[in-house]
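Report on the following structure.
What's counted below: heavy atoms across the whole structure, side chains too, no hydrogens, waters or symmetry copies. Chain letters run A, B, ... following the sequence lines, proteins first and then strands; every chain starts at 1.
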There are 2 protein chains.
Amino acid sequence: MPPTTLDDVAAAARVSRSTASRVVRGTGPVSDAARRAVLAAVEELGYVPHPGARSLASGRGERVVVAVGSPSAELLGDPYVARVVAAASRAADTQGVGVALRWLGRDPRDELARLARDPGVGGVLLVDYSAEVLASVPRELVARVAAIGPADGRVPSYDVDAAAGITALVEHVLADGRRDVVMLTGPGWLPGARRAVEAYEAVVRAAGVPRRVVAADLTSLAGAQAAREARRRWPGVDALVAMSDTLAVGAMCALAEDGVRVPDDVAVTGFDDQPFAEHSGPGLTTATHPVERIAAAATAALLDRRRRDDQRTFPSVVVRRTSA
Amino acid sequence: MPPTTLDDVAAAARVSRSTASRVVRGTGPVSDAARRAVLAAVEELGYVPHPGARSLASGRGERVVVAVGSPSAELLGDPYVARVVAAASRAADTQGVGVALRWLGRDPRDELARLARDPGVGGVLLVDYSAEVLASVPRELVARVAAIGPADGRVPSYDVDAAAGITALVEHVLADGRRDVVMLTGPGWLPGARRAVEAYEAVVRAAGVPRRVVAADLTSLAGAQAAREARRRWPGVDALVAMSDTLAVGAMCALAEDGVRVPDDVAVTGFDDQPFAEHSGPGLTTATHPVERIAAAATAALLDRRRRDDQRTFPSVVVRRTSA
DNA sequence: CACGAGTGTGGGAACGCTTCCACCGAGCCC
DNA sequence: GGGCTCGGTGGAAGCGTTCCCACACTCGTG
């Protein structure tokens, strides 16, 4: 059985192809009755627009670009980014659309402008970006962009409720009797890093324990170094709250090297609930980050401009293992 | 200036569109003169076929699927896979083609059959597969598949010369005076793992030192466990040759935890020359793995069926740092 | 020297969609 | 009430390919 075309839909809804097209794209004036009829037909026939035909007729493309906005290309290989790519790819697949993975490079403004001009780009998923990157999204591109992470209101944002996760984690170690809690955060350019710190600060302030923060790149190596720095600066530290599992695993490795027991001497928590968190030396206590759901929602919104919410937050829950 | 179309090419080459199409696709009978003229015109005008039009007319799609064939989905987040995706994406980009990332799942035969049927896939890049996966590529799909790694002759293979790299690495540690060299290899299902062991075996046999092999999954955690197992079984071990940087980094972490000095007590080498190898505690001595070039070549061959070599091997050279 | 069997070539109809244009009625103003 | 505009609609022309078919040729063959 050949796949359903727009003509099939139009026929089923008893309207012209033009009207059906207008409804599907969500543009132009259409009466309510017609819209309902077409939508019903789409649903019933399981119509999916042919991306090739679409791009041919419109001159525009459909590809979803996962754009990594970090200053270095290293994060291209990050498991977090890989999860985003995999989820975006799966979501795009249902529409017959492909994905591209791109690093915005040293000059994000330039690359974004190029993306805006490229007619082959149907949507851009922004990952690991700085506030500057966010601000330099060209106006023409805003309608085709979704940020995976916190945004500024101009660009639609799909994000985990990291504040809730971090808060719960910090409260968890405090409840455990820890009093010298160091936050291992990400690099300064990452909005998510600042936000994690804020959540942390609110909790420690309320609890009346000191505020201690170390920033590090989002690699396990940097996590190891950060853990050492933390212990050097505050020898009494009894808990490490990291903003990512990668950081936390690196920290645990360094602690082990230095003969510090986890969680007996120092509790460690991560964030993201990556697959490897479960299998790390002492199972890593962390908070979930439904990357797949987030990326899938963002991709779906990008591909179907009819319904795009400008902001969505996804819950994060604590996963308790043995490291804290 | 509007992009060049096949008609432009045909006009420039003074042939019909049909003939130009035949040349570009590399099918059907065409005279040498016509072929040369068309190819010249393509070159001069910088013609790139419109993927949308192509997929519309042919009913087939163009997407390149990066298919991960590992028994667990974990390797989807592997930096190695990420590099493949990034390179494939870049290569596909030049043709206006998108990429999809897919795990073949618990039942690869099934998923491969689905890919073969899916008219939307233009090519499949196989990564991290077992011999069984390779064998279960349906005949119809073989023409659209390229394996990144060793293959069986049925499926075209684009691979690093791992034997040369491993050999050079083992010889390097032997030249350094090490006599108790343990190979940390990958899981048994991975053809590359067997091949690495064979290269290792040839060298140790020739050198008259004992053969010692530990297999592990390709994660840093598994690397750590493997290193511990190696030291338990052979307390005199003075060198660890790992088949991947990830494994090696994990091993170094475990050694440090256990108070073993690298490279003084035990030399460690990796394979892949991942970005993080340079920055690991003691800089990791490793061998290059030009993943980007390999993936790019494979993708290009997939997208342009005119010139597809059935087998290509890329050189690997030792990068000497401090760990060995 | 007519005959099929190749080879090389061009014409033209799809492919499924977007988009421009023309149309029709209903409401509004002067 | 004749002109508007304006929401709503359908018709039809492409978009750049592929692919099928028909048409020339040029051979070897009977």
[atom1]-[atom2] distance between [X] and [Y], expressed to the nearest 0.5 angstrom:
X        : Y        : atom1 : atom2 : result
A:Asp128 : A:Asp78  : CG    : CG    : 6.5 Å
A:Leu190 : A:Arg195 : CG    : CZ    : 9.0 Å
B:Gln95  : B:Leu302 : CD    : CG    : 11.0 Å

What I want to find out is whether A:Asp93 reaches B:Arg102 closely enough, with some N-O distance under 4.0 Å, to be called a salt bridge.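 Between B:Arg102 and A:Asp93 there is a salt bridge, with a charged N closer than 4.0 Å to a carboxylate O.
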Whether B:Asp110 and B:Arg114 form a salt bridge (side-chain N of Lys/Arg under 4.0 Å from carboxylate O of Asp/Glu) is what I want to check.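 A salt bridge links B:Arg114 with B:Asp110.
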B:Ser58 or A:Ser21: which one's nearest nucleotide on DNA chain C is closer to the 5' end?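 The residue whose closest nucleotide sits nearer the 5' end is B:Ser58.
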Write down the distance between [atom1] ([X]) and [atom2] ([N]), rounded to a whole number of angstrom.
X       : N      : atom1 : atom2 : value
A:Arg60 : C:dG16 : CZ    : P     : 20 Å
A:Asp7  : D:dA12 : CG    : P     : 13 Å
B:Glu62 : D:dG16 : CD    : C1'   : 13 Å
B:Leu56 : D:dG14 : CG    : P     : 17 Å

Taking the side chain of B:Ala53 as heavy atoms from C-beta outward, which of C:dT18, D:dG16, C:dC17 is closest to it?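 Nucleotide nearest to B:Ala53's side chain: D:dG16.
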So which nucleotide from D:dT18, D:dC19, C:dC17 ends up closest to the side chain of B:Leu6?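 Given the options D:dT18, D:dC19, C:dC17, the side chain of B:Leu6 is closest to D:dT18.
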Please write out each protein N/O paired with an N/O of nucleotides 9-12 of chain C under 3.5 Å, distance rounded to 0.1 Å.
unit_1, atom_1, unit_2, atom_2, d
C:dT9, OP1, B:Ser31, OG, 2.8
C:dT9, OP2, B:Ser31, N, 2.8
C:dT9, OP2, B:Ser31, OG, 3.2
C:dG10, OP2, B:Ser16, N, 2.7
C:dG10, OP2, B:Ser16, OG, 3.2
C:dG10, OP2, B:Thr19, OG1, 3.0
C:dG10, N7, B:Arg22, NH2, 3.2
C:dG11, N7, B:Ser18, OG, 3.1
C:dG11, O6, B:Ser18, OG, 2.9

Under 3.5 Å, is there a donor on one side chain and an acceptor on the other for A:Thr19 and A:Ser16?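 Judged by distance alone, the side chains do pair up.
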